[in-house]
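Atom set for the values below is all heavy atoms of this structure, side chains included, hydrogens, waters and symmetry mates excluded. Below, chains carry the letters A, B, ... as their sequence lines are ordered, and counting in each starts from 1.
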2 protein chains.
Amino acid sequence: MRAQIKLTAAVNTSALDTPAPVHRVVVVGGGFAGLNLVKGLARASVEITLIDRRNFHLFQPLLYQVATAGLSPADIAAPLRQILRRQKNVQVLLGDVVDIDVVGRRVLLADQPPRAYDTLVIATGASHSYFGNDQWASVAPGLKTVEDALAIRRRVLSAYEFAERATDPDQIAAWLTFVVVGGGPTGVELAGALGEMAQYTLRRDFRHIKPESTRVLLVEGLDRILPTFPEDLSQQAQTALTRLGVTVRTQTLVTQIDGESVTVQDREKQSERIPARTVIWAAGVQASPLGKCLEERASAKLDRSGRVMVQPDLSLAHHPEILVLGDLAHFAHNRERPLPGVAPVAMQQGTYAANLVRARLAGQGAAPFAYRDRGSMATIGRAAAVVDMGRLRFGGLPAWLAWLFIHLMYLVGFANRLLVLMQWAWNYVTYNRRVRLIVGASAPPESNAANSAELRSAAPK
Amino acid sequence: MRAQIKLTAAVNTSALDTPAPVHRVVVVGGGFAGLNLVKGLARASVEITLIDRRNFHLFQPLLYQVATAGLSPADIAAPLRQILRRQKNVQVLLGDVVDIDVVGRRVLLADQPPRAYDTLVIATGASHSYFGNDQWASVAPGLKTVEDALAIRRRVLSAYEFAERATDPDQIAAWLTFVVVGGGPTGVELAGALGEMAQYTLRRDFRHIKPESTRVLLVEGLDRILPTFPEDLSQQAQTALTRLGVTVRTQTLVTQIDGESVTVQDREKQSERIPARTVIWAAGVQASPLGKCLEERASAKLDRSGRVMVQPDLSLAHHPEILVLGDLAHFAHNRERPLPGVAPVAMQQGTYAANLVRARLAGQGAAPFAYRDRGSMATIGRAAAVVDMGRLRFGGLPAWLAWLFIHLMYLVGFANRLLVLMQWAWNYVTYNRRVRLIVGASAPPESNAANSAELRSAAPK
């Protein structure tokens, strides 16, 4: 195989009577946007290189289920090579893009030769932002990667173990207090799952503590949770959370996190220190550092979150050969606010960009990208969700079933769909969460390093 | 609940007219032996404390499937609290036993108060031994814990990624050479799964390398693999392995492992250096350090592997109140060789010990432990296995089905059984291995630290 490729390259550069070289598309990031773009180019005569730091595509909307022991990482991930193994015009490259040579049209990789492109697609997404308090990262992990999810799972399960063996009631209360910062969909879903775990799953597991006495706090700075949803759905979500024992505190800002407590401030600037050993960060958006790179190398404009302002066709101003998609893109064409960083936007942009590349190769133009908003949804624990489809808005069990259906539909891989559905059915009937394993030691809770030596120990006895 | 326990303790020590205090059984280790013992005491009027460093029971016979991306850890593990949640006479304690006060009858724990016992059961198993070459641990991981399995999975999958991007044919060959040291059941199962992965699973995944050209070497010091099985089954296993592209080298010793190569020596003392970046250690047995502790504190006799020589009733000489079970025990009563460190022995010893404790509480004696050998089995990749049931010996598909049935039967948890069966069926039909995720950075391959920075990176882009 390699011999053939070498031969082709030799012919292309040396002989004069060969056909035009194949258009090279380099795609950075195998998320929803990048993967949809690659698939959309399946039958195009292009040479695609898909570069990702990870060897798998991750279905991020269900990552909160991994963090709360409902699913295994493999249930919501699929190897990129596996997904694309039959698409012969793409090669997957595991690699770390460190710079872009815009003039020479090459991406520079760590420890690997550069890759030349004719069209470059950057779809490297976003991470969470601590709003300048990066020191909170060690005590309040966010939820973006599989490792994040496993670290949160480890912390949550370990907290119950520490509570079980503690004797001081204040210590027990601090271990049994979970604070989720940020009332968007991720925060709501995490808080709901934590409430469900405390009320149902762990009920009979302990002998000294009562898991039902767990406090789950959901802290939101604005005046309601799910602020991008209509008000009545926010209200429904809050009611459903309350039923799961979650306390919602709106118009509340976090001013300090130290591993043993969280300090919050309400609208009247009243501060309160809440003893809590487990804090999860579900607020703020920080675009991928490749945005900054495009600013320096291609004079791209960035917004406050570091997202790249794109043209109506998702390209960079003055660089039509560079497209930016998904959470990294700030698309505000004919709109008051930029499109939200959600999966449907990324998927549609990926498909649009594939069509754009094909149109350009055919010498044609393309209409600007237009987002078809089919609505948004969030789930709140057991058999409760909210769905906003514009005129159609609903909650409760019907919304949960809709949520389930949509998520299964977009999950990659038939086996994954089947296994996730089975495990959900199982969890639903038995109230169980199977994946309650305290595994790995890569990110021990820093706040209790002294206490947790034996929890972290991975060596066999 | 805690208040109640405190009250009971107070009454026991202060009042004179109370009933006899409840017999306290402390069990260290929640493997097959410990768990079977605890379950066997479900209806006994004892107070059991089950101490484990991990919060889950692990079905070790299938750990090789986690290492080779066929199953997720949660498929072969179940939380101890979940398993025992309805058994009210047991409490599970996550903890690390550091010493035993044999005179005062207490186990000492790291960072926790000591636990008093009337009967102490030590069932903390064994790990692998590098025969004095502990420096090989970093370049040739063994397979005992979930973390081990995930580290092996990461190394194996990363090796293919490095091969795909390498250009030097020698480098590619070194990345595509996997050496498994030790021809016992674990080594055979690992080598078979690696062969299957190379020949079938990864076939279409790469563009530059041919996974079918992978070399899998199984190195065994004795004159045949599966030396504890009858000779004809060893031969059958070797044939099945060869069909999967595995090269078996018997009467071969490993004399050096350096992360880039393995040096082996054959019967004629001829040395050969084999370039190989991935080595897996499946040889040697090293008993849990608590054996050493029993030697010091209770004058227990240990064998060469550090296993504790036990009496016919599995107790320590001069310490009938201390029982040692499973892989940590050397039981040689009326036999030439000690019982092997396999799951059936551990399970039967757990059940025996539960009966022994109950008999003693009733003031009765007990017959010595007798192992009922129902046979042994090992699987070799796809639809091949060997089964030795004494007079009945068979291989091939019937053996594989028997192996499948037995393993599903003993797997803990109905959901686990169903999910494992489904995934096996799926893998069997599609040749796929779902869990091909390179995740976590806790144990990067030391031999290629410089190259693997981007593979190890866990941060989102």
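- Here the side chains of Asn55(A) and Glu161(B) are in contact, with some heavy-atom distance below 4.5 Å.
- Looking at Gln87(A), only its backbone comes within 4.5 Å of chain B, counting heavy atoms on both sides.
- A donor-acceptor pair is defined here as one N or O able to donate and one able to accept, closer than 3.5 Å; no such pair exists between the side chain of Arg207(B) and the backbone of Val92(A).
- In terms of non-hydrogen atom pairs under 4.5 Å with chain B, the most contact-rich of Asp75(A), Leu202(A), Thr430(A) is Asp75(A).
- The most heavy-atom pairs under 4.5 Å with chain A, out of Ala78(B), Ser72(B), Gly31(B), come from Ser72(B).
- In this structure, Arg204(B) and Arg81(A) have side chains that are not in contact, with every pair of non-hydrogen atoms separated by 4.5 Å or more.
- Proximity to chain A involves both the backbone and the side chain of Val435(B), based on heavy atoms less than 4.5 angstrom apart.
- The side-chain heavy atoms of Leu437(A) and Pro73(B), taken from C-beta on, include a pair separated by under 4.5 Å.
- For the pair Val439(A) and Phe56(B), the minimum side-chain heavy-atom distance is below 4.5 Å.
- With a 4.5 Å cut-off on non-hydrogen atoms, Leu84(B) touches chain A through its backbone but not through its side chain.
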key: Arg54(B) and Ile438(A): CA distance, side-chain angles, deciding distance, side chain to side chain contact (heavy atoms under 4.5 Å, CB included) verdict   = CA-CA 7 Å; Arg54(B) 313 309 301 260; Ile438(A) 301 177; 5.8 Å; no
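- Checking side-chain atoms of Arg165(B) against main-chain N and O of Leu94(A) turns up a donor-acceptor pair under 3.5 Å.
- Side-chain contact between Leu418(B) and Met422(A): present, with at least one pair of heavy atoms (C-beta onward) separated by less than 4.5 Å.
- Top candidate by heavy-atom pairs under 4.5 Å with chain A, chosen from Leu157(B), Leu150(B), Asn432(B), Val146(B), is Asn432(B).
- Counting only distance, with no hydrogens or angles, the side chain of Asp205(A) and the backbone of Arg85(B) share no donor-acceptor pair below 3.5 Å.
- When only modelled atom types and interatomic distance are considered, Asn416(A) and Arg434(B) share a side-chain donor-acceptor pair under 3.5 Å.
- Without hydrogens or angle criteria, Glu147(B) side chain to Gly440(A) main chain gives a donor-acceptor distance under 3.5 Å.
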